[in-house]
Protein chains: 2
Amino acid sequence: MAEIDFDGPDPIYRQLADVLKSRIGDGVYPPNRKIPSEAALCSEFDVSRNTVRAALRILAGLGMVRPVVGRGVFVIPPEVKEP
Amino acid sequence: MAEIDFDGPDPIYRQLADVLKSRIGDGVYPPNRKIPSEAALCSEFDVSRNTVRAALRILAGLGMVRPVVGRGVFVIPPEVKEP
DNA sequence: GGAAATTTGTTCGTATGTATA
DNA sequence: TTATACATACGAACAAATTTC
């Protein structure tokens, strides 16, 4: 069940991005809702904040999340994604 | 007199924690009283609020202070500390 | 009572340095 | 050299409880 393989071939931040993508796709993190804070993700996966942010940058680049200062990171509904 | 060595071997937040611990031990910040606000400590030591809070987190972890929202950070008397 | 200021709590944004492969 | 990962530090904005006027 180890979602992150620290000795795996893929970088941690990319593995983490995949995990978060799956959780969004599976509705674990529902649309228009906040995902856990960067600090919470650091704790859950036992990685640094920089690594969490590297993963989140991938999801933001895919238009899956939108970070807001002082609020959190929100899941963007698929319908709203730019074609 | 430089209580904080910005180029020292220890991180600023840990040095600041030591300074505050000394002030509590010396009675500069008496038991059951408030220590200066985070903003005041930022000004006095010329560090960011995050750094002040990192130092205060250390003291809180040691049971030396207790922060209260909207009120301030209070010094816990040694007699009250759990043995 | 009410509005404004104060104070701690939380969260993301950015930058730098260190270490490793 | 580049990419990865962690630690540190400052900045900004928002939130909630309390105090002050």
Side-chain angles (χ1 to χ4, degrees), chain A residues 2-21 23-24 29-76, chain B residues 2-21 23-24 29-76:
Chain A
E3 290 174 309
I4 302 291
D5 181 3
F6 287 84
D7 296 319
D10 288 355
I12 298 173
Y13 73 91
R14 228 174 289 159
Q15 293 184 58
L16 179 53
D18 288 339
V19 172
L20 300 178
K21 276 190 276 187
R23 289 186 180 182
I24 290 175
Y29 302 151
N32 296 309
R33 298 279 304 279
K34 286 193 296 183
I35 71 174
S37 71
E38 293 176 355
L41 293 174
C42 291
S43 297
E44 176 180 358
F45 295 98
D46 196 35
V47 296
S48 74
R49 191 185 164 209
N50 285 345
T51 299
V52 168
R53 286 182 59 77
L56 290 177
R57 210 159 37 235
I58 293 177
L59 272 63
L62 293 172
M64 299 182 70
V65 298
R66 184 171 64 90
V68 181
V69 175
R71 304 289 309 272
V73 178
F74 294 82
V75 177
I76 300 178
Chain B
E3 289 174 311
I4 301 291
D5 180 4
F6 287 84
D7 296 319
D10 287 357
I12 297 174
Y13 73 92
R14 229 175 289 160
Q15 293 185 58
L16 179 54
D18 288 339
V19 172
L20 299 178
K21 276 191 275 186
R23 290 187 178 181
I24 290 175
Y29 301 151
N32 296 309
R33 298 279 303 279
K34 285 193 295 184
I35 71 174
S37 71
E38 293 176 356
L41 293 174
C42 291
S43 297
E44 177 180 357
F45 295 98
D46 196 35
V47 296
S48 74
R49 191 184 163 210
N50 284 343
T51 300
V52 167
R53 287 181 60 78
L56 291 177
R57 216 162 28 238
I58 294 176
L59 272 64
L62 293 172
M64 300 182 69
V65 298
R66 184 171 66 90
V68 181
V69 176
R71 308 246 304 153
V73 178
F74 293 83
V75 177
I76 299 178

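Hydrogens, waters and symmetry mates play no part in the numbers below; they use all other heavy atoms, side chains included. Just so you know, these numbers come straight off a predicted model, no measurement behind them. Throughout, protein chains are lettered first and strands after them, A, B, ... in sequence-line order, and every chain is numbered starting at 1.
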Check the phosphate of [N] against [X], side-chain N and O only, distance under 4.0 Å to OP1 or OP2. Yes or no?
X       : N      : result
B:Tyr13 : D:dT8  : yes
B:Arg53 : C:dT8  : no
A:Ser37 : C:dT11 : yes
A:Thr51 : D:dC6  : yes

Interatomic spacing from [atom1] in [X] to [atom2] in [Y] - rounded to 0.5 Å:
X       : Y       : atom1 : atom2 : result
A:Phe45 : A:Phe6  : CZ    : CZ    : 9.5 Å
A:Leu56 : A:Ile35 : CG    : CD1   : 5.0 Å
A:Thr51 : A:Leu41 : OG1   : CG    : 11.5 Å

Interatomic distance, [X] [atom1] vs [N] [atom2] [rounded to whole Å]:
X       : N      : atom1 : atom2 : value
A:Ile4  : D:dA5  : CD1   : C1'   : 13 Å
A:Phe6  : D:dA5  : CZ    : C1'   : 10 Å
A:Phe45 : D:dA5  : CZ    : P     : 14 Å
B:Leu41 : D:dC10 : CG    : P     : 13 Å
A:Leu56 : C:dC12 : CG    : P     : 8 Å
A:Asp5  : D:dT4  : CG    : P     : 16 Å

**Message:** Starting the side chain at C-beta, find the nucleotide from D:dA5, C:dA15, C:dT8 nearest to B:Glu38.
**Reply:**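 For the B:Glu38 side chain, the nearest candidate turns out to be C:dT8.
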
**Message:** Reading DNA chain D from 5' onward, which residue's closest nucleotide shows up sooner: A:Asp46 or B:Pro11?
**Reply:**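 Looking at the nearest nucleotide for each, A:Asp46 comes out on the 5' side.
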
Using a 4.0 Å heavy-atom cut-off, does [X] contact any base of the nucleic acid, only the sugar-phosphate backbone, or nothing at all?
X       : answer
B:Arg66 : nothing
B:Arg57 : nothing
A:Ile12 : sugar-phosphate

In the structure I gave you, are the side-chain heavy atoms of [X] and [Y] within less than 4.5 Å of one another anywhere?
X       : Y       : value
B:Arg66 : B:Val73 : no
A:Gln15 : A:Asp10 : yes
A:Leu20 : A:Met64 : no

**Message:** Need to verify one output field. Residue with the more 5' nearest nucleotide on DNA chain C, B:Ile35 or B:Asn50?
**Reply:**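 The residue closer to the strand's 5' end, by nearest nucleotide, is B:Ile35.
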
**Message:** Walk along nucleotides 15-21 of chain D from 5' to 3' and tag each nucleotide B, S or - by protein heavy-atom contact under 4.0 Å, base first, then sugar-phosphate.
**Reply:** SBBSS--

**Message:** Closer than 4.0 angstrom, basic N to acidic O: yes or no for B:Arg23 and B:Glu44?
**Reply:**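 Looking at B:Arg23 and B:Glu44, the cut-off is met.
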
